[in-house]
Amino acid sequence: MSASRRCAWRRDGTLEGMTTHLVLPIGPTVLKELRTADDAGRPPAAMTDEEGGAPLRCCLRHSAPGERIALVSYAPLRRWAARTGAEPGAYDEQGPVFIHAEECPGPAGDAVPFTNSHRVLRRYSADGRILGGRLVADADAFRPALTEAFADPEVALVHVRAVEYGCFLYEVRRA
C-alpha cells in the first residue's frame, strides 16, 4: 500500500494494511449504558443535528444533517481499566463525545476515521499510565504513527484524540 492511500476497513474490524491494529468505536454495551446515564451520571443530551458534522464515536463517522445524536460524558480509560484491572490513577479522565441517540449499526466505510485534521495519538501502558503521545498532522502520517506506537512493547493501547478540544475519538489496540 502506498503512503498516499488510506487504509480500508475489513469485516473483522481490522484495517487493511494495519493487520496488527484494531480501531475500536465505543462498543454496543457501553453505548446502551451511555444512552441511559453517561459516565458523569447524567442523562444524555439528545438533539437533532441540524448542520451535521459531529464526530460520532459509535460508528466512527461524521453525523449527517437531521440525525438524532446525543452528547455524553465518556471515560474511555476508566472503562478499559475496569475490564483489565489496570489502575490509571490521575490519568483517568472523562470528556464529551457524540453518539447516535438511538442504536446504530456501528462502523461502515473504507477509510481510517477522523484523519482529516490534526490528531494526537496518546499511548498507554497495561497499567493505564501515559507513555507519550504524538501529533499527527495529516492522513498519510497516521498509519506510520500507529506502527511506531505499537513498536514499543510497553504500549497496550492508543487513544486517538482531537487536538482542538482534546476529545477522545477512538481507541486502537493490538489485534
Side-chain angles (χ1 to χ4, degrees), residues 1-31 34 39 54-63 74-88 91-100 104-175:
M1 172 185 302
S2 72
S4 63
R5 266 187 68 203
R6 291 187 177 190
C7 299
W9 285 98
R10 291 183 176 166
R11 293 190 185 275
D12 66 0
T14 63
L15 294 173
E16 181 179 329
M18 292 179 61
T19 57
T20 61
H21 310 127
L22 292 172
V23 174
L24 303 168
I26 299 174
T29 302
V30 174
L31 289 167
L34 293 173
D39 286 346
L56 297 166
R57 280 42 164 236
C58 49
C59 55
L60 301 180
R61 66 170 177 83
H62 288 97
S63 61
Y74 179 58
L77 195 60
R78 181 184 315 156
R79 287 181 173 272
W80 171 80
R83 289 189 313 272
T84 64
E87 293 289 336
Y91 296 108
D92 176 29
E93 59 185 316
Q94 66 187 34
V97 296
F98 288 104
I99 62 174
H100 275 112
C104 78
D110 62 0
V112 176
F114 309 131
T115 60
N116 59 328
S117 187
H118 290 115
R119 301 292 179 223
V120 171
L121 303 184
R122 192 182 296 169
R123 299 172 302 203
Y124 291 92
S125 66
D127 63 358
R129 303 292 190 249
I130 293 177
L131 294 174
R134 178 172 172 187
L135 176 66
V136 179
D138 63 62
D140 292 339
F142 210 82
R143 190 178 99 159
L146 281 171
T147 299
E148 175 188 301
F150 285 109
D152 180 347
E154 296 295 316
V155 173
L157 72 147
V158 172
H159 282 179
V160 177
R161 292 181 172 263
V163 171
E164 306 89 351
Y165 301 104
C167 297
F168 171 85
L169 292 169
Y170 55 90
E171 182 177 306
V172 182
R173 290 191 217 156
R174 296 179 197 280

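One-based numbering along the sequence shown. Since the model is a prediction, treat every value here as computed from it, not as a measurement. These values consider heavy atoms only, across backbone and side chains, with no hydrogens, waters or symmetry-generated copies.
Shown here for C58 and C104, the closest heavy-atom pair between the two residues is SG-SG, 3.6 Å. Taking both residues in full, the closest heavy atoms of D39 and A75 are given as OD2-N, 2.7 Å, listed atom of the first, atom of the second, then distance. Nearest approach of L56 to I99, heavy atoms of both residues: CD2-C, 3.7 Å. Residues G128 and W80 share a closest heavy-atom pair of CA-CZ3, 3.8 Å. The two residues A156 and S125 make their nearest non-hydrogen contact at CB-C, 3.8 Å. The heavy-atom pair separating L77 from P88 by the smallest distance is CD2-CB, 3.5 Å.
Remark: the backbone N or O of L169 is not paired with any side-chain donor or acceptor of R161 at under 3.5 angstrom. R119 places no side-chain N or O within donor-acceptor distance of the main-chain N or O of A139, the cut-off being under 3.5 Å. Side chain of R134 to main chain of G132: no donor-acceptor pair is present (N/O by atom type, distance under 3.5 Å, no hydrogens or angles). No donor-acceptor pair under 3.5 Å is formed between the side chain of Y165 and the backbone N or O of P96. Between the side chain of R174 and the backbone N or O of V155 there is at least one donor-acceptor pair closer than 3.5 Å.
Taking 4.0 Å as the cut-off between side-chain N and carboxylate O, R122 and E93 count as a salt-bridged pair.
Between F114 and H62, the ring-plane angle classifies as perpendicular under the 30° and 60° cut-offs.
F168 and Y74 have their aromatic ring centers within a separation under 6.0 angstrom.
To the nearest 0.5 Å, the span separating CZ on R173 from NE2 on H159 amounts to 8.5 Å. From Y124, atom OH reaches atom CD1 of I130 across 4.0 Å, with rounding to the nearest 0.5 Å. In this structure, the separation between CZ on R61 and NE2 on H100 is 4.0 Å, given to the nearest 0.5 Å.
For the pair E148 and R123, the minimum side-chain heavy-atom distance is below 4.5 Å.
A ring pair (Phe, Tyr, Trp, His ring centres under 6.0 Å) with H21 is found for one member of Y170, F142, F150 and no other, namely F150.
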Walk me through whether R57 and L34 qualify under side-chain contact (heavy atoms from CB on, under 4.5 Å). CA-CA 12 Å; R57 280 42 164 236; L34 293 173; over 6 Å; no

